[in-house]
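Single-structure report; data block below.
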Amino acid sequence: MDTPHDWITTPLTADLLRGALDVERTEHGVLPHRLPARARAQNTDGQLAMAESQPSGVRLAFRTRATAVELDTLPTKRSYVGAPPRPDGVYDLIVDGSTAGQGSVTGGNVVTIDMTAGTAEHRPGPAGTVRFTGLPDGDKDVEIWLPHNETTELIALRTDAPVEPARDPGRRVWLHHGSSISHGSDAASPTGIWPALAARLGGVELINLGLAGSALLDPFTARALRDTPADLISLKIGINLVNMDLMRLRAFGPAVHGFLDTVREGHPTTPLLVVSPILCPIHEDTPGPCAPDFSALGTGRLKFVAMGDPAERASGKLTLGVIRDELSRIVKQRAVDDPNLHHLDGRDLYGETDFAELPLPDDLHPDAATHRRMGERFARLAFGADGPFALRGL
């Protein structure tokens, strides 16, 4: 520590958190969750359990005169056998709406995943501290955005001045659900994921239910969306259903209707935007499942390939093209009686021209520059004057 501080420890409670739907008490502290306990109890998939516990879009938000802040956490990091080491998760410090610092916590638990064997090994590790100093003096609003890709148990918050929960900013709440792309895969930091960028440009408060690999039209996820207060809702549907080869066209349409019906039970007139998949050439016309390209693992690169056969579309297998057509049809049909239901073709966020300039590094996930482009475009298309999320009459 560079200079001594008279530290004040503030209990970590739910009123200091934004973007989490539940907070679990653990032996170390508190663990933010992005699905409520009822949904977690109905889930049997380890991938989803890991994804919802990674705090994408979750941030500590408080008001203070402090010039120094310390946060003790216990992260759970991932490592993939044969793939390059993953960088430590990033904590973004935002002061009065502007980026004021970044940090990471080393150590922590490590889950080593062997994709060829389908196994995962958990190795416990020590907690660590992220520290921010040199904050401006005087009252200010402070946010610490937690790493979007690391499960993060919060242990202790220390400051050199008292802390109180941040005031209600009075902004509209945007509730978004999607895949690993919405979760933030391959973004550089938690405020660099495309939904966070779009939320800042749109002047809204984000609740991000981007669930890596697990946007699968699960009924318990629909109920979580139904029961979460929100002024705006978007659902990005499709890529994970192809990746997992989870259902055929016969099941897909009714499942989308059921998902929308459930969300509408809690939000009957809320502006609701259905977003189809962005461009992903490996799955445009080729069904899943999607699998790691094991031939590339030895080179230190992580790539993905489509394992299906385009001819299988005739038997009802899903591709991104098929899903886009069906989502457009469903929204058009329902919008006759639901004028607040809207559709956005995901290729308007990232399409063929974008792929030529900014290809997907692993053939599945966008990089940091693409997240930025997608966030800017979503803000223009959704929150702009002619968009479904525009502030009407103001």
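In this text, all values refer to a predicted model and were calculated from it rather than measured experimentally.
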Exercise for review: Evaluate whether atom CZ of R372 has more than 12 neighbouring non-hydrogen atoms of other residues, nucleotides or ligands under 6.0 angstrom away.
Suggested key: no
Check your understanding: T319 and H283: side-chain donor and acceptor closer than 3.5 Å?
Key -> no
Check your understanding: Should R18 and D15 be marked as a salt bridge (charged side-chain N to carboxylate O under 4.0 Å, His left out) after you check the CA-CA gap, both sets of side-chain angles, and the distance that decides it?
Key -> CA-CA 8 Å; R18 290 182 180 162; D15 60 354; over 6 Å; no
Exercise for review: Taking the side chain as every heavy atom from C-beta outward, state whether L349 and V275 have any pair of such atoms under 4.5 Å apart.
Suggested key: yes
Check your understanding: Around atom CD of Q333, are there more than 12 heavy atoms of other residues, nucleotides or ligands at under 6.0 Å?
Key -> yes
Practice item. Indicate yes or no: at least one non-hydrogen side-chain atom of R40 is less than 4.5 angstrom from one of E52. Key: yes
Check your understanding: Any luck finding a side-chain donor-acceptor pair between H183 and Q54 under 3.5 Å?
Key -> yes
Check your understanding: D309 and K317: salt bridge (charged side-chain N to carboxylate O under 4.0 Å, His left out), yes or no, with the steps?
Key -> CA-CA 9 Å; D309 182 343; K317 273 206 169 187; over 6 Å; no
Check your understanding: Is the backbone of T221 close enough, under 3.5 Å, to the side chain of D218 for a donor and an acceptor to pair up by distance?
Key -> no
Check your understanding: Any link between F389 and W194 through a network of hydrophobic side chains (Ile, Leu, Val, Met, Phe, Trp, Tyr) touching at under 4.5 Å?
Key -> yes
Tabulate below the donor-acceptor pairs under 3.5 Å that side-chain atoms of residues 92-108 make, not counting sequence neighbours, or state none.
{"from": "D92", "atom 1": "OD1", "to": "Q102", "atom 2": "NE2", "distance (Å)": "2.8"}
{"from": "D92", "atom 1": "OD2", "to": "S189", "atom 2": "OG", "distance (Å)": "2.8"}
{"from": "D92", "atom 1": "OD2", "to": "T191", "atom 2": "N", "distance (Å)": "3.0"}
{"from": "D92", "atom 1": "OD2", "to": "T191", "atom 2": "OG1", "distance (Å)": "2.6"}
{"from": "D96", "atom 1": "OD1", "to": "D141", "atom 2": "N", "distance (Å)": "2.9"}
{"from": "S104", "atom 1": "OG", "to": "G89", "atom 2": "O", "distance (Å)": "2.8"}

Review point. Any sub-3.5 Å donor-acceptor pair from N340's side-chain atoms to T270's backbone N or O?
Key: no
Check your understanding: Can you check whether E312's main-chain N or O pairs, donor with acceptor, with S315's side chain at less than 3.5 Å?
Key -> yes
Exercise for review: Evaluate the criterion side-chain contact (heavy atoms from CB on, under 4.5 Å) for residue pair L232 and V173; output intermediate values, then yes/no.
Suggested key: CA-CA 6 Å; L232 312 162; V173 174; over 6 Å; no
Review point. Do side-chain atoms of T262 reach the backbone of G258 as a donor and acceptor pair under 3.5 angstrom?
Key: yes
Point to revise | Test item: D362 side-chain N/O and L302 main-chain N/O as donor-acceptor pair under 3.5 Å | key: no
Check your understanding: Any side-chain heavy atom of H365 sitting closer than 4.5 Å to one from F304?
Key -> yes
Check your understanding: Between T64 and P162, is there a donor-acceptor pair closer than 3.5 Å when you use the side chain of the first and the backbone of the second?
Key -> yes
Review point. So, does D22 use its side chain to make a donor-acceptor pair with the main chain of L35 at under 3.5 Å?
Key: no
Exercise for review: Report yes or no: do H176 and S182 form a side-chain donor-acceptor pair below 3.5 Å?
Suggested key: yes
Review point. Between N243 (side chain) and C290 (backbone), is there a donor-acceptor pair under 3.5 Å?
Key: no
Point to revise | Evaluation steps, side-chain contact (heavy atoms from CB on, under 4.5 Å), between L217 and I237 | key: CA-CA 8 Å; L217 298 177; I237 299 170; 4.2 Å; yes
Exercise for review: Any chance you could lay out the salt bridge (charged side-chain N to carboxylate O under 4.0 Å, His left out) test for E70 and R131, step after step, and finish with the verdict?
Suggested key: CA-CA 5 Å; E70 289 188 343; R131 180 178 295 110; 2.5 Å; yes
Check your understanding: Of T159, V163, D139, which meets side-chain contact (heavy atoms from CB on, under 4.5 Å) against R65?
Key -> D139
**Study point:** T76 side chain to T151 side chain, donor-acceptor N/O pair below 3.5 angstrom
**Key:** no
Practice item. Evaluate the side-chain proximity of L235 to L273: yes if any heavy-atom separation is below 4.5 Å, no if none is. Key: no
**Study point:** L216 and M244: CA distance, side-chain angles, deciding distance, side-chain contact (heavy atoms from CB on, under 4.5 Å) verdict
**Key:** CA-CA 9 Å; L216 299 171; M244 294 282 290; 4.0 Å; yes
Check your understanding: Between V274 and H342, is any pair of side-chain heavy atoms under 4.5 Å apart?
Key -> no
Practice item. State, without any angle test, whether S328 and D325 hold a side-chain donor-acceptor pair at a distance under 3.5 Å. Key: no
Review point. For the side chain of K236 and the backbone of S234, is there at least one donor-acceptor N/O pair under 3.5 Å apart?
Key: no
Exercise for review: Ignoring hydrogens and angles, state whether a donor on the side chain of D114 or T119 is under 3.5 Å from an acceptor on the partner side chain.
Suggested key: no
Check your understanding: Would H28 and E153 count as having a side-chain donor-acceptor pair, cut-off 3.5 Å?
Key -> no
Practice item. Test E376 against R200 for salt bridge (charged side-chain N to carboxylate O under 4.0 Å, His left out), laying out the working first. Key: CA-CA 10 Å; E376 292 170 349; R200 178 176 59 80; over 6 Å; no
**Study point:** Main-chain N/O of T67 paired to D160 side chain as donor or acceptor, under 3.5 Å
**Key:** yes
For residues 43-51, which side-chain donor-acceptor pairs fall under 3.5 Å, sequence neighbours excluded?
{"from": "N43", "atom 1": "OD1", "to": "D45", "atom 2": "N", "distance (Å)": "2.9"}
{"from": "N43", "atom 1": "ND2", "to": "D45", "atom 2": "O", "distance (Å)": "3.0"}
{"from": "D45", "atom 1": "OD2", "to": "L48", "atom 2": "N", "distance (Å)": "3.1"}
{"from": "Q47", "atom 1": "NE2", "to": "A212", "atom 2": "O", "distance (Å)": "2.5"}

